[in-house]
Amino acid sequence: MASPIRILTAVPICDGHDSAINTINLEFIRHGIEVIYLGYHRSVGDIVRAAIQEDVRAIGISSYNGGHIEFFAEVVDLLRKRGVSDIKVFGGGGGTITHEDAAAMRRKGVDQIFFAGTSLVEMTDYVRKNYGKQRMKRAPAKSPDIELARKLTEIEDKYGNTKSSMSKRQRRKHRTSNIEHRTARVVGFTGPGGAGKTTLIDELVLRFLNQNPKGRIAILSHDPSVVGEGALLGDRATMINSQDDRVFMRSMATRGQAGGLSPATHDCLALLAQSNFDYVIIETVGTGQEAMPFRKNGIVDLTVLVMNPDYGSRLQLQKIVMLDLADIVVVNKSDLQRARTAHSEIEQRLEQNRRDQRLIDTVAKRHRDPGVDRLFDLICGSEQSQRGKARNKS
Ligand code: B12
Ligand SMILES: Nc1nc2c(ncn2[C@@H]2O[C@H](COP(=O)(O)OP(=O)(O)OP(=O)(O)O)[C@@H](O)[C@H]2O)c(=O)[nH]1
Ligand SMILES: [Mg+2]
């Protein structure tokens, strides 16, 4: 079975017209395409960096601000400069892009422009026909990030192509188990959908970048595949601080696997853990009560469960398996009314475990939140470095 087509979509800088691209994204994913959505008001540099890290087949840009001729051309030029001109550019923008403009854009290297009135089916067919074929032999990677991105694609494709035919045992054998040369500390974030995992990670990344002027961090983020096997990989749209050359982010779809991760996660994580990052952060999809995504694979050093204060009642807390397993439990959205009650109920629940678990309240969407500072210290501070060193020695 061939892997799904992966494309990146975005709206240019100084443009907030995201309604069209949201509709188009949905249509693409319904037809089996994996869409990494970068959001609106995005610069050329951010778009090209994301396209490289995600190793997409093409970039779809939706532009209404009038600057389309220059903007599309700059994206094509930067892709060329970075040595990845096999990543193609296409897009649209209703009545703002004229036929003459489109002809000029094509001359500058843009593949295709879609005009007002084009049906969604036509656009989906175009993507499948033009970006669905096996890639030709690729030019050698011009940077370590390009090389890493391509290796991650190879791993994903390996699982994509063999998913239906490989038994569990074969898959285990297939796994990259050699992680002796790991350089990174791996931190796993999980929790219910919408609890604020991505917002929190982005705030932690900001603190990391400020504290370590030369440090690098990787993020492996998961979103669910939908029926039809496409996926909207939307965490990048929330990640503002993580749009930085010192952050390598990769979005993965679960591709039919339950439990919050993808069949290829273990191998991708193993590769990232030995690729010269200081930290590798992994975010699961929004999980349910029974989920324990990090228990078996053994690469994750520290697990963080991010809770929403609106989980229900004490009874629901008894059923959340990760409350027994997480090293750190975060009550995010502490600005909400129920947060105080949530804190004390979860505190009591954790006391029953008699383990050294930490409970922290955060407001991830607030800048300079003291709770997020505390979480950062726990994860990246001296306490964890000492624990990490002790673990590495043993
Ligand atoms: C809806 C709309 C809004 C909404 C936006 C809601 C949102 N979140 O997107 C609101 C009301 C908020 C808005 C605000 C503004 N808008 Co407005 N808006 C429009 C409008 C009416 C429709 C755009 C749209 O979504 N169409 C629906 C899509 C699905 O259809 P389509 O555009 O025809 O696109 C087709 C193809 O091009 C293709 N396509 C489009 N994108 C992509 C991408 C890919 C990858 C692919 C494959 C295909 C594709 O898909 C469609 C297929 O049929 C246009 C007018 C117009 N006719 O374009 C003005 C328009 C774009 N807006 C305009 C302006 C000026 C503004 C404001 C500056 C107004 C103001 N003074 O405040 C603000 C700026 C907002 C901002 N932050 O950027 C101008 C832009 C003029 C220009 N560039 O020279 C326009 C053209 C209206 C006009 N005639 O003056 N706007
Ligand atoms: N009130 C409040 N809202 C927050 C806070 N943190 C995040 N949010 C909002 O919660 C919504 C979901 O945030 P995300 O960071 O995308 O949540 P997530 O857990 O990564 O979501 P999934 O990946 O879809 O499971 C967004 O609208 C955020 O702005 C917070 O501390 N307080
Ligand atoms: Mg998220």
Side-chain angles (χ1 to χ4, degrees), residues 7-28 33 35 37 39-41 58-68 72 88-98 101-102 110-127 130-131 189-203 219 221-224 232-240 251 260 281-288 291 304-310 330-339 361-367 369 371-372:
I7 63 163
L8 179 90
T9 62
V11 176
I13 197 123
C14 299
D15 196 338
H17 291 89
D18 62 353
S19 154
I21 199 65
N22 281 328
T23 308
I24 292 162
N25 284 345
L26 274 182
E27 187 68 10
F28 283 168
I33 297 164
V35 177
Y37 180 48
Y40 59 88
H41 187 46
I59 304 171
I61 301 173
S62 187
S63 171
Y64 289 87
N65 65 9
H68 43 269
F72 277 68
K88 301 298 177 188
V89 179
F90 70 114
T96 56
I97 305 181
T98 65
D101 290 351
V110 174
D111 264 9
Q112 183 69 292
I113 292 297
F114 293 94
F115 296 97
T118 318
S119 74
L120 293 168
V121 174
E122 236 173 282
M123 292 186 263
T124 311
D125 286 348
Y126 178 86
V127 169
N130 290 278
Y131 308 130
F189 283 75
T190 190
K197 300 179 288 298
T198 307
T199 315
L200 196 55
I201 292 169
D202 196 47
E203 279 294 311
I219 303 169
S221 186
H222 294 77
D223 273 315
L232 181 64
L233 307 176
D235 283 334
R236 269 185 183 272
T238 313
M239 297 270 191
I240 306 301
S251 313
I281 292 181
I282 171 169
E283 178 186 343
T284 69
V285 304
T287 51
V304 182
L305 171 65
V306 184
M307 297 277 296
N308 194 323
D310 288 325
V330 173
V331 182
N332 189 41
K333 307 197 182 183
S334 293
D335 52 320
L336 300 187
Q337 226 181 5
R338 205 182 173 276
D361 299 332
T362 60
V363 183
K365 78 163 186 185
R366 180 168 67 190
H367 293 301
D369 176 60
V372 180

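Every number for a ligand or one of its atoms is a count from 1 in the order of the listing.
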Flag [X] as yes when one of its N or O atoms lies below 3.5 Å from any N or O atom of ligand 2, and as no otherwise.
X      : result
Gly194 : yes
Gly196 : yes
Asp335 : yes
Ala364 : yes
Ser334 : no
Val363 : no
Glu283 : yes

Checklist entry - According to the interplanar angle, ranging from 0 to 90°, do the rings of Tyr131 and Phe90 count as parallel (below 30°), tilted (30 to 60°) or perpendicular (above 60°)? => result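 Tyr131 and Phe90: tilted rings.
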
Item to check | His68 and its side-chain contact (heavy atoms from CB on, under 4.5 Å) partner, picked from Thr98, Asp101, Ile61 | outcome: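 So, applying the side-chain contact (heavy atoms from CB on, under 4.5 Å) to His68 and each of Thr98, Asp101, Ile61, only Asp101 qualifies.
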
Item to check | Option from Thr362, Asp361, Leu336 for which side-chain contact (heavy atoms from CB on, under 4.5 Å) with Val331 holds | outcome: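 The passing option is Asp361.
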
Mark yes or no for whether [X], through its side chain, and [Y], through its backbone, hold a donor-acceptor pair below 3.5 Å.
X      : Y      : value
Asp235 : Asp223 : no
His222 : Glu283 : yes
Lys333 : Met307 : no
Ser62  : Gly93  : no
Thr199 : Thr238 : no
Arg338 : Asp310 : no

Decide whether an N or O pair under 3.5 Å exists between [X] and ligand 1.
X      : value
Gly117 : yes
His17  : yes
Gly91  : no
Ser19  : yes

Next on the checklist: Counting only heavy atoms closer than 4.0 Å, does ligand 2 sit against the backbone of Asp235, its side chain, both, or neither?
Outcome noted: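 Side chain only.
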
Item to check | ligand 2-proximal atoms of Thr198, by part, heavy-atom distance under 4.0 Å | outcome: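 Both backbone and side chain.
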
At the 4.0 Å heavy-atom cut-off, does [X] count as touching ligand 1?
X      : answer
Val127 : no
Thr23  : no
Asp18  : yes

Item to check | Heteroatom test (N, O or S) for Thr198 near the Mg ion (ligand 3), limit 2.8 Å | outcome: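 Under 2.8 Å: Thr198 contacts the Mg ion (ligand 3) through an N, O or S atom.
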
Next on the checklist: Regarding Asp235, does it place an N, O or S atom less than 2.8 Å from the Mg ion (ligand 3)?
Outcome noted: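 True for Asp235.
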
Checklist entry - Right, does atom 4 (C) of ligand 2 have protein non-hydrogen atoms nearer than 4.0 Å? => result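 Flag for atom 4 (C) of ligand 2 set to true, protein heavy atom closer than 4.0 Å.
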
Next on the checklist: Working to the nearest 0.5 angstrom, can you tell me the gap between Thr9 OG1 and Arg236 CZ?
Outcome noted: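 Going from the OG1 atom of Thr9 to the CZ atom of Arg236 covers 12.0 Å.
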
Closest approach of any protein heavy atom to [atom], naming residue and atom:
atom                    : answer
atom 84 (O) of ligand 1 : Gly66 CA, 4.7 Å
atom 18 (P) of ligand 2 : Lys197 N, 3.4 Å
atom 13 (O) of ligand 2 : Thr199 OG1, 3.5 Å
atom 6 (N) of ligand 2  : Asn332 ND2, 3.1 Å

Checklist entry - Which of the atoms of ligand 2 are close to Gly193, meaning less than 4.0 Å from one of its heavy atoms? => result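 Numbered from 1, ligand 2 contributes 25 (O).
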
Next on the checklist: Under 4.0 Å from a heavy atom of Gly286: which atoms of ligand 2 are those, numbered in the order shown and with their elements?
Outcome noted: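 With Gly286 as reference, the close atoms of ligand 2 come out as 25 (O).
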
Using heavy-atom distances only, which candidate in [options] approaches [atom] most closely?
atom                    : options                     : result
atom 8 (N) of ligand 2  : Lys333, Glu203, Arg366      : Lys333
atom 77 (N) of ligand 1 : Gly16, Ser62, Ala10         : Gly16
atom 43 (C) of ligand 1 : Ile61, Thr96, Asp15         : Ile61
atom 31 (P) of ligand 1 : Phe114, Phe90, Phe28, Tyr64 : Tyr64
atom 50 (O) of ligand 1 : Ile24, Ile21, Thr118        : Ile24

Checklist entry - Which of the atoms in ligand 1, numbered in the order shown and given with their element, are less than 4.0 Å from a heavy-atom of Gly95? => result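 The list of qualifying atoms is 58 (O).
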
Checklist entry - Which atoms of ligand 1 have any heavy atom of Ala116 under 4.0 Å away? => result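 Listed by number with element, the hits are 33 (O), 35 (C).
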
Checklist entry - Among all residues two or more places apart in sequence or in another chain, which pass the salt bridge (charged side-chain N to carboxylate O under 4.0 Å, His left out) test with Asp369? => result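 With sequence neighbours excluded, Asp369 shows a salt bridge (charged side-chain N to carboxylate O under 4.0 Å, His left out) to Arg366, given in chain and number order.
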
Checklist entry - Relative to the Mg ion (ligand 3), which of the N, O or S atoms in Glu283 is the closest? => result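 This turns out to be OE2.
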
